[in-house]
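By convention in this document, chain letters (A, B, ...) are assigned in the order of the sequence lines, proteins followed by strands, and residues within each chain are numbered from 1.
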Amino acid sequence: MVLTKGGRRMFPYCRYRLTGLDPNQLYSLILSIVPFGPDRYHWIGNNWKVLTELKHSCQGPCQAFSHHHEPYLGSVWMCGSVSFYKLKLTNHSQDMDEHIVLHSLHRYIPRLHVVPVSDKQVPSPDNCVTLGPETMTFIFPQTEFVTVTTYQNFQITQLKINHNPFAKGFREDGKNPRLQRLSKIEFFFFRQNCPALPYTDSKKLLT
DNA sequence: TCTGACACGTT
DNA sequence: GAACGTGTCAG
């Protein structure tokens with residue numbers, strides 16, 4: 001996931017489908033992002049490798065984000081999928097916009113907290129949700145990610161460009177003149193160095 | 001490694 | 001048309 005000073009949305013974002021809730025009970029949904037470990041990683045070769053094994057965690061307290069629709073009855077939450085697309089990540093430790101502050105080049109994993117809420121304790125800016133003993137927490141290992149400020153892996157970049165509508169302008173079938181100019185430069189460079197391979201392979205070699 | 005300006009696309 | 005969300009690129 002990319003971190004920026006001003007906050008960057010997660011993509012892909014966390015989306016869940018809930019079942020088994022009490023249809024008549026109010027629930028708040030909280031997403032927290034916790035460190036997978038204290039280690040700092042580097043992209044070396046074609047893998048993430050531990051660069052430094054820190055003896056003491058440099059992470060702050062657990063970071064949490066309330067779903068923007070809340071609280072709702074269990075029957076409402078179970079109607080469809082629940083998305084946290086509005087959640088933003090930042091590496092700015094002094095962030096004042098309620099984004100989740102993370103450290104670059106670290107591994108994290110999101111946790112979903114389903115919090116039963118009584119009618120008398122409806123959350124508000126002055127009354128935060130508390131994760132009590134009745135809170136149900138779910139962790140999905142496949143949602144683990146590494147934070148970066150600059151993409152390290154071309155395949156991930158390409159995956160995001162192909163699936164994120166806001167990055168449509170960078171798709172190879174797009175009409176971005178900037179990309180077309182780069183393609184011509186790459187093609188020229190490729191022909192000078194490796195004229196036997198087709199053009200599509202040259203782009204992989206050069207990136 | 002990180003930042004900010006930038007062009008382009010979505011909402 | 002404005003605000004916002006993207007990856008790129010130069011420094």
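Between the NZ atom of A:Lys160 and the C1' atom of C:dT8 there is a distance of 15 Å, rounded to whole Å. Across the protein-nucleic acid pair, A:Trp43 atom CH2 and B:dT1 atom P stand 12 Å apart, rounded to whole Å. When rounded to the nearest whole Å, the span between CG of A:Leu159 and P of C:dG7 equals 11 Å. Atom CZ in A:Phe11 sits about 14 Å away from atom P in C:dG5, given to the nearest Å. Remark: P of C:dC4 and OH of A:Tyr13 are 20 Å apart, rounded to the nearest angstrom. A:Asn91 places its CG atom 5 Å from the P atom of B:dT3, with the value rounded to the nearest Å. Following rounding to the nearest Å, A:Gln152 (CD) and C:dT8 (C1') show an atom-to-atom distance of 15 Å. The interatomic distance linking A:Ile156 (CD1) with C:dT8 (P) rounds to 13 Å, in whole Å.
Nucleic acid contact for A:Thr4: none, since no nucleic acid atom lies under 4.0 Å from a heavy atom of the residue. Using a 4.0 Å heavy-atom criterion, one finds that A:Lys88 contacts the sugar-phosphate atoms exclusively.
Nearest heavy-atom pair across A:Leu18 and A:Met78 is O-CG, 3.3 Å.
Listed candidates were B:dT1, B:dT3, C:dT6. Nearest to the side chain of A:Asn164 is C:dT6. Side chain of A:Phe166, nearest nucleotide from C:dT6, B:dT3, B:dT1: C:dT6. When distances run from any side-chain atom of A:Thr149 to the nucleotides B:dT3, C:dG5, B:dT11, the shortest one goes to B:dT3. Here the side chain of A:Arg8 is nearest to one of B:dT10, C:dG7, C:dG5, namely C:dG7.
Aromatic pair A:Phe140/A:Tyr16: ring centres closer than 6.0 Å. In this structure, the ring of A:Trp77 has its center less than 6.0 angstrom from the ring center of A:Tyr72. Taking the six-membered ring where the residue is Trp, the centroids of A:His67 and A:Phe84 are separated by under 6.0 Å.
With hydrogens and angles left out, the side-chain atoms of A:Thr147 and A:His103 include no donor and acceptor closer than 3.5 Å.
Taking 4.0 angstrom as the limit, A:Ser104 places a side-chain polar atom (N or O) nearer than this to OP1 or OP2 of B:dC2. A sub-4.0 Å separation between OP1 or OP2 of B:dT10 and a side-chain N or O of A:Lys168 is present. Taking only side-chain nitrogens and oxygens, A:His42 comes nearer than 4.0 Å to OP1 or OP2 of B:dT1. Taking only side-chain nitrogens and oxygens, A:Arg171 never comes nearer than 4.0 Å to OP1 or OP2 of C:dG7.
Of the residues near DNA chain B, A:Ala167 and A:Lys5, the one whose nearest nucleotide (by heavy atom distance) lies more toward the 5' end is A:Lys5.
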